[in-house]
Every structure is written in C-alpha cells, then in structure tokens.
Amino acid sequence: NSNEKVDIFFFNYSLSDAYLNVVLLFNLLFGVAAGFLASVFIIISNKAQIKNLHNKNRILGLISVCAQFSHKNTTRK
C-alpha cells in the first residue's frame, strides 16, 4: 500500500510515521543526485588529467625537436 507509514532510524536521526512512497522518492532523488555529482567530478578530474598529459606531450615534443636540431648542427661541423 502506498499510504503505508514507516519509522526511519538513521544513525542519530529518526523519523516516525513517514509515508513509504515519500521515503522511497527521497531515497531515489538522493541516489540520482549523488550519482550525478560523482560523474561531474570524475569528468572534471579526467579533463584536467588529459590537459596535463597534453601539456607534457607538447613539452616532450619540443624537447625532441630541439634535440634533433642540436644533433644536426653538431654533425655539420
């Protein structure tokens, strides 16, 4: 029955005579919100990591070009 009343005990918080459908709805909304926030933080973290790796790759590419240029200049003499 959707009009059934339940008692909730969660750590130090308790709620008595709450409607079951309201409790289930709030649990569902909390789960969706927590999952959404977790996915946003994971996406932001991965974007920062990709940007960092892109910068490192660019720096290594510049170092490689400089090393090749230096090697060509020393072999010409």
Side-chain angles (χ1 to χ4, degrees):
N1 191 2
S2 63
N3 291 331
E4 191 172 330
K5 291 188 176 184
V6 293
D7 295 332
I8 299 172
F9 301 102
F10 185 73
F11 295 114
N12 292 331
Y13 180 76
S14 63
L15 183 65
S16 58
D17 292 335
Y19 288 107
L20 181 60
N21 55 358
V22 174
V23 171
L24 292 175
L25 179 65
F26 277 119
N27 283 332
L28 179 66
L29 291 176
F30 177 75
V32 169
F36 178 77
L37 288 175
S39 65
V40 166
F41 286 129
I42 289 170
I43 290 170
I44 290 172
S45 173
N46 286 339
K47 281 180 121 179
Q49 187 177 11
I50 288 170
K51 187 174 181 180
N52 187 18
L53 290 174
H54 179 69
N55 286 338
K56 284 183 181 179
N57 193 16
R58 186 172 50 87
I59 290 169
L60 288 175
L62 289 174
I63 291 172
S64 174
V65 168
C66 290
Q68 289 174 359
F69 182 74
S70 174
H71 179 70
K72 285 180 183 178
N73 284 342
T74 56
T75 56
R76 288 184 184 173
K77 291 181 181 180

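- Grouping Ile, Leu, Val, Met, Phe, Trp and Tyr by side-chain contacts under 4.5 Å, direct or through others, leaves Val65 on its own.
- The distance from the OH atom of Tyr19 to the CD atom of Glu4 is 12.0 Å, given to the nearest 0.5 Å.
- Cluster note: Leu29 groups with Leu25 through ILVMFWY side-chain heavy atoms spaced under 4.5 Å, whether in direct contact or through intervening members.
- The CD1 atom of Ile63 lies 12.0 Å from the NZ atom of Lys56; values are rounded to the nearest 0.5 Å.
- Cluster partners of Phe11, by chain and number: Phe10. The rule joins Ile, Leu, Val, Met, Phe, Trp and Tyr whenever side-chain heavy atoms lie under 4.5 Å apart.
- Between the CG atom in Leu53 and the CG atom in Leu60 there is a gap of 10.5 Å [rounded to 0.5 Å].
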Show which side-chain atoms of residues 35-42 pair as donor or acceptor with protein atoms under 3.5 Å away, not counting sequence neighbours.
unit_1: Ser39; atom_1: OG; unit_2: Gly35; atom_2: O; d: 3.3
unit_1: Ser39; atom_1: OG; unit_2: Phe36; atom_2: O; d: 2.7

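- The distance from atom CG of Asn57 to atom OG of Ser64, rounded to the nearest 0.5 Å, is 10.5 Å.
- Residues forming a side-chain contact (heavy atoms from CB on, under 4.5 Å) with Asp7 (at least two apart in sequence, or on another chain): Phe9, Ser16, Asp17.
- In this structure Leu15 satisfies the side-chain contact (heavy atoms from CB on, under 4.5 Å) test together with Ile8, Tyr13, Ala18, sequence neighbours excluded.
- Annotation: the span from Leu20 atom CG to Asn3 atom CG amounts to 10.0 Å, rounded to 0.5 Å.
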